[in-house]
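What follows is a single structure, written as structure tokens, with notes after it.
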Protein chains: 2
Amino acid sequence: MMDRSCPGTVEPILEILDGKWTLLLLFELFNGNRRFGELRRKLHLISPKTLTDRLRLLEEKGIVTRTLYPGVPLHVEYDLTECGKGLQPIFEAMWTWTQEHGAYLRKETNEMGQEAETVM
Amino acid sequence: MMDRSCPGTVEPILEILDGKWTLLLLFELFNGNRRFGELRRKLHLISPKTLTDRLRLLEEKGIVTRTLYPGVPLHVEYDLTECGKGLQPIFEAMWTWTQEHGAYLRKETNEMGQEAETVM
DNA sequence: CTGTATCCCGTCCGATACTG
DNA sequence: CAGTATCGGACGGGATACAG
């Protein structure tokens, strides 16, 4: 066990992970999608404004970098910084948890206590 | 590496962790504060309504349980379910990350690249 | 292709007062 | 002590059109 009794010690990361799309966006970056259009297509319900907002915020926090490749068709890539890559264990933990517990709480707010088998 | 290419596989947990106070609230539950008033005092800027909202939601998701101890001064305790306790690795990972990277990005969106030493 | 500008809307959250 | 009721406000986010 660690000393995590002070809520203030975790607030920085809460700011980073805050936002409706942030987690999914980071997942995409871990998966290798780095161009604006790619990310936009993957998060297919996100608006360009929102995507830009999130990207800029993560940039400010030092989680991602933005690289512009000049050219006729504009080309921009977003990459995780070392700091951003360090978030991976968190996502791995989320992934693991979802594998173990995520399935049976899909929509079972009612009274069914049985575990489901349809994960995907 | 794992196959986490499908964004849908992580959405359940995003729903759980969503909300301004949810992460801090869960941190408190890991720390052992379980009574309504305790939680309220720890998250000292939260309104009773919001706290109730979050608690109820986590209850629905199967993350916490609510136990009522009848008596003259009402006594209620919230506990993590097994499912909820399973979230701990995620929080440990967040804690670890904050230790390693959290310090120097407190408010350094500007141009200072020095690492800080005041963590707490 | 990669954004920005605007406007609007919904949701979450806060404050306060009140109840069992 | 542990909430509920109600209302209002702020902020994040969506849609769309336009720009470099």
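Every chain is numbered from 1, with letters handed out A, B, ... down the list of sequences. This structure is a prediction, so every number in the text was calculated from the model and none was measured. Note that these values count all heavy atoms, side chains included, but never hydrogens, waters or copies made by symmetry.
Glu28(A) CD to Asn33(A) CG: the interatomic distance, rounded to the nearest 0.5 Å, is 5.0 Å. Here CZ of Phe30(B) is found 5.5 Å from CG of Leu87(B). Values are rounded to the nearest 0.5 Å. Rounding to the nearest 0.5 Å places CD of Gln88(A) at 10.5 Å from CG of Leu26(A).
Looking at Trp97(B), its side chain does come within 3.5 Å of a backbone N or O of Cys83(A) through a donor-acceptor pair. No side-chain donor-acceptor contact under 3.5 Å links Thr50(B) to the backbone of Ile46(B). In this structure a side-chain-to-backbone donor-acceptor pair under 3.5 Å is present from Thr81(A) to Gly62(A).
For the salt bridge (charged side-chain N to carboxylate O under 4.0 Å, His left out) condition, the pairs that include at least one residue of residues 62-77 of chain B, sequence neighbours left out, are Arg34(B)-Glu77(B).
Running 5' to 3' along DNA chain C, contacts with non-hydrogen atoms of chain B at under 4.0 Å begin and end at dC13(C) to dG20(C).
Note on Tyr69(A): nothing from the nucleic acid sits closer than 4.0 angstrom, heavy atoms only.
In the hydrophobic clustering of ILVMFWY residues, with side-chain heavy atoms under 4.5 Å counting as a link, Phe91(B) and Phe91(A) come out together.
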task = Report, as a single string ordered 5' to 3', how protein heavy atoms within less than 4.0 Å touch nucleotides 6-20 of chain D: B base, S sugar-phosphate only, - not at all.
result = B------BBBB---B
